[in-house]
Colleague: 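Structure below; questions to follow.
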Amino acid sequence: MLQKKELPKLNEGFARIVFCHNENDVEATIKAYSALGPLDTLSNGCFGQKNPDAKIQLGIMKFLKKVEAPSSLGSCSDSVQDSACPQASNANNTCCKGTTKQSLLLGAASKEVKESEDMAKGSVDADVSAGDITTLAFPSISTADFQFNNEKASDIIVEKVEEFVNKLENARLVLVDLSHGSKILSLVRAKAAKRNIDSKKFFTFVGDITRLYSQGGLHCNAIANASNWRLKPGGGGVNAAIFAAAGPSLETATKERAKSLLPGHAVVVPLPSDSPLYTREGVSHVIHVLGPNMNPQRPNSLNNDYTKGCSILREAYTSLFTGFLSIMRSRLKLPRRISEKLESSPSDLKDPSHGPRNHLTNSDQKIKRDDDSVYERSKKCKGTHNETVADISAPSSTYGKVTGDKSKLEGPTSKSWGSWAQALYHIAMHPEKHKEKLLEVLDAVVVLNDLYPKACKHLLVLAQHEGLDCLADVHQEHLQLLMTMHAVGLKWAEKFLHEDSSMVFRLGYHSVPSMRQLHLHVISQDFNSNHLKNKKHWNSFNTAFFRDSVDVIEEIKNHGKATIKVEDCQLSMELRCHRCRSAHPNIPRLKSHISICQAPFPHALLENGRLVLAPKHNWSDT
DNA sequence: GTTCTAGAAC
DNA sequence: GTTCTAGAAC
């Protein structure tokens with residue numbers, strides 16, 4: 001615990017952060033600082049110490065944060081919003097009461113106290129929640145190992161921040177340094193204050209850039225990496241730390257984007273969802289940026305040519321912030337985390353291991369409920385949150401417009417099926433009229449090729465039972481039928497595997513099918529088809545929208561109905577490889593990637609027979 | 001489900 | 001300029 005004698009006097013313009021490990025430390029720290037002068041209570045449980053002569057004030061900010069393994073953050077993810085770090089929050093949230101707390105003690109010159117107060121107020125008054133503030137954390141480029149002059153660098157940082165800060169709307173930039181005594185941080189702080197840069201949109205932060213959320217409670221969607229030209233891990237400093245923290249998938253994802261980087265340039269890399277930086281810290285993108293090098297012992301040294309150096313450093317920050325703006329734009333277009341959250345089951349929400357991801361998604365959901373103005377609402381997302389099996393029975397435009405065909409209103413779900421959506425229904429009701437299309441006709445099911453296959457092998461096992469339009473209509477009494485459909489699908493998959501043992505199959509249902517009449521998809525996992533043309537096609541087979549037959553059967557056995565999380569946004573969410581989970585910007589790029597990706601399938605798919613493989617196929621080879 | 005196409009993104 | 005997406009119509 002800090003003793004009074006250990007509290008060095010703060011110089012004007014400097015900040016001090018003290019981490020306390022429990023409530024007693026917090027109280028004792030406040031007491032110790034109180035001894036230096038009277039403390040004023042600020043809003044939101046913060047305290048400020050006024051010293052009018054020195055124009056120094058201290059703000060002690062409590063932020064409620066569990067000091068446990070980072071993976072457990074999710075259990076009080078909402079409470080992290082209560083952080084006095086400049087994240088907006090729900091002031092009423094009390095979920096972490098009684099848990100171990102840390103406190104952040106911040107001393108600052110008068111200008112900065114204004115900033116602290118703003119931060120504290122922001123955590124109470126802001127009408128958007130923390131996860132909605134898109135944040136870029138960036139280290140100072142080139143001032144460490146590349147030995148760029150701090151004075152010059154700080155001028156450029158402030159100049160570029162000033163240029164971009166007005167384009168940020170609901171987003172912010174944070175300059176991060178590990179060291180409390182960081183010269184570049186104090187220079188930038190002073191210069192930013194002088195230029196009256198909005199402290200809600202730009203501030204400095206002392207902490208480990210790879211642990212901003214788990215250690216500092218600061219959620220950042222994107223972090224910048226002071227990279228090397230090879231875009232390789234290693235070296236030292238920030239680059240090594242970020243690659244180490246992100247795990248090997250960052251290197252893979254980076255390689256897909258660029259092989260090397262020129263000084264002054266940046267490359268935006270979406271973080272694969274298995275990266276610890278993504279799961280633990282909530283970072284969705286790493287932006288590698290290469291600055292000018294003044295260190296003669298590193299490649300491409302500029303030999304102290306600061307004319308060139310400054311120009312390149314400006315370019316580097318421009319590239320970095322432009323890259324961040326592009327991430328912001330894509331976020332505005334589609335709040336992707338919403339769909340990711342809805343992909344997870346309700347029980348996942350209670351799973352502490354989800355940490356910042358839930359923190360984000362909860363807040364994204366909140367904003368969709370409370371504030372239409374912040375995000376452009378996707379028409380598709382309206383009114384579809386957490387709908388239950390019963391909810392999806394309501395007529396929906398998803399199913400095409402009412403055509404006057406009386407059959408469209410038949411069946412227990414009473415939803416409107418467009419005329420084009422009736423084809424399978426007609427086949428099931430009158431298989432004898434469609435013999436040429438059928439691969440197999442059995443008592444309860446018929447088998448046919450999908451008219452627009454999305455993979456080399458893609459067929460449908462179609463139930464003949466009238467009144468079973470989709471998964472939502474399936475109940476306990478249909479268990480035997482589901483098992484038959486699965487067995488028939490499996491038999492066909494095995495037949496194909498016999499012909500080509502390298503194939504892999506998946507059997508499952510679309511949560512909300514486009515075509516009427518319950519049908520099981522049997523689809524090979526190559527997804528090599530000209531008919532696979534858009535996001536909806538991909539995501540309907542590669543998100544939670546696709547319900548594995550084995551899981552559906554289990555749910556019917558155990559609960560008498562299938563869990564259906566209806567969320568149209570699932571179908572427009574980001575495109576990720578079904579094997580390595582890497583993200584891709586569009587369908588053509590995704591398709592060229594999946595044509596070569598040899599990564600093993602995710603464990604979740606390899607479990608419980610969700611994937612059907614040739615018996616002797618050795619996945620350790622791939 | 002597909003096709004068509006305007007306009008956004010590159 | 002081309003590529004790509006996403007909404008409307010069917």
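A, B, ... follow the sequence lines: proteins, then strands. Residue 1 opens every chain. Heavy atoms only: backbone and side chains are in, while hydrogens, waters and symmetry mates are out.
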Colleague: Nearest to the side chain of Tyr452(A) - dA6(C), dG1(B), dC4(C)?
Modeller: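 The listed nucleotide nearest to Tyr452(A)'s side chain is dG1(B).
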
Colleague: Side-chain N or O of Lys454(A) versus OP1/OP2 of dT2(B): is the shortest distance under 4.0 Å?
Modeller: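 Checking dT2(B) against Lys454(A), a side-chain N or O does come within under 4.0 Å of OP1 or OP2.
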
Colleague: Just the rounded figure in Å: distance from P of dT2(C) to CG of Asn586(A).
Modeller: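 To the nearest whole Å, that distance equals 18 Å.
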
Colleague: Given atom CZ of Arg589(A) and atom C1' of dC10(B), what is their separation to the nearest angstrom?
Modeller: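 The answer, rounded to whole Å, is 10 Å.
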
Colleague: Can you tell me the distance, in whole Å, between the CH2 atom of Trp417(A) and the P atom of dA9(C)?
Modeller: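 From Trp417(A) CH2 to dA9(C) P: 21 Å.
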
Colleague: Please state whether the rings of Phe546(A) and Phe541(A) are parallel, tilted or perpendicular, taking 30° and 60° as the class boundaries.
Modeller: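 Ring orientation of Phe546(A) relative to Phe541(A): tilted.
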
Colleague: Just how far, in rounded Å, is C1' of dG7(C) from NZ of Lys536(A)?
Modeller: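 Rounded to the whole Å, the gap is 11 Å.
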
Colleague: Under 4.0 angstrom, heavy atoms only, what part of the nucleic acid is Leu424(A) near: base, sugar-phosphate, or nothing?
Modeller: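 If one applies the 4.0 Å heavy-atom cut-off, Leu424(A) turns out to touch nothing in the nucleic acid.
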
Colleague: Please report the distance, rounded to the nearest Å, between NE2 in His426(A) and C1' in dG1(B).
Modeller: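 Going from His426(A) (NE2) to dG1(B) (C1'), I get 14 Å.
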
Colleague: In chain order, what residues pass the side chain to side chain contact (heavy atoms under 4.5 Å, CB included) check against Ser540(A), with sequence neighbours excluded?
Modeller: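 Side chain to side chain contact (heavy atoms under 4.5 Å, CB included) list for Ser540(A), sorted by chain: His510(A), Phe545(A), Leu571(A).
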
Colleague: For Glu436(A), which residues count as a side chain to side chain contact (heavy atoms under 4.5 Å, CB included) partner, sequence neighbours excluded?
Modeller: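 Glu436(A): no side chain to side chain contact (heavy atoms under 4.5 Å, CB included) contacts found.
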
Colleague: Applying side chain to side chain contact (heavy atoms under 4.5 Å, CB included), can you list everything that pairs with Asp551(A), at least two apart in sequence or on another chain?
Modeller: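 For Asp551(A), the residues satisfying side chain to side chain contact (heavy atoms under 4.5 Å, CB included) (neighbours in sequence not counted) are Arg547(A), Asp548(A), Arg610(A).
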
Colleague: Side-chain N or O of His531(A) versus OP1/OP2 of dG1(B): is the shortest distance under 4.0 Å?
Modeller: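 So the side chain of His531(A) is outside the cut-off, no N or O lying under 4.0 Å from OP1 or OP2 of dG1(B).
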
Colleague: Give, ordered by number, those residues of residues 517-530 of chain A having at least one heavy-atom distance below 4.0 Å to an atom of DNA chain C; if nothing qualifies, reply none.
Modeller: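 Residues of residues 517-530 of chain A under 4.0 Å from DNA chain C: none.
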
Colleague: Can you list everything that forms a side chain to side chain contact (heavy atoms under 4.5 Å, CB included) with Asp450(A)? Sequence neighbours excluded, please.
Modeller: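 If we apply the side chain to side chain contact (heavy atoms under 4.5 Å, CB included) test to Asp450(A), skipping adjacent residues, the hits are Tyr452(A), His458(A), Leu460(A), His521(A).
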
Colleague: Heavy-atom count around Lys591(A) NZ within 6.0 Å, excluding the residue itself: above 12?
Modeller: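 Yes, because the 6.0 Å sphere around NZ of Lys591(A) holds more than 12 heavy atoms from other groups.
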
Colleague: Once you round it to whole Å, what is the distance between C1' of dG1(B) and CH2 of Trp538(A)?
Modeller: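 Whole-Å distance recorded here is 19 Å.
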
Colleague: What is the distance from NZ of Lys591(A) to P of dC4(C), rounded to the nearest Å?
Modeller: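 Rounding to the nearest Å, NZ of Lys591(A) and P of dC4(C) are 11 Å apart.
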
Colleague: Counting only side-chain N and O atoms of Lys533(A), is one of them less than 4.0 Å from OP1 or OP2 of dT3(B)?
Modeller: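 Yes, because at least one side-chain N or O of Lys533(A) sits under 4.0 Å from OP1 or OP2 of dT3(B).
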
Colleague: Within the stacking criterion (centroid distance below 5.5 Å, interplanar angle below 30°), does Trp420(A) stack on dG1(B)?
Modeller: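 So yes, this residue stacks on that base, both cut-offs being met.
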
Colleague: Closer than 4.0 Å, any side-chain N/O of His537(A) to the OP1 or OP2 of dG1(B)?
Modeller: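 For dG1(B), OP1/OP2 do not have a side-chain N/O of His537(A) under 4.0 Å.
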
Colleague: Applying side chain to side chain donor-acceptor pair (under 3.5 Å), which residue pairs with at least one partner in residues 476-487 of chain A are found, sequence neighbours left out?
Modeller: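 Applying side chain to side chain donor-acceptor pair (under 3.5 Å) to every pair that reaches into residues 476-487 of chain A, excluding sequence neighbours, yields His486(A)-Ser549(A).
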
Colleague: Whole-Å distance between dG1(B) P and Leu532(A) CG?
Modeller: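 Atom-to-atom, Leu532(A) to dG1(B), this comes out as 11 Å.
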
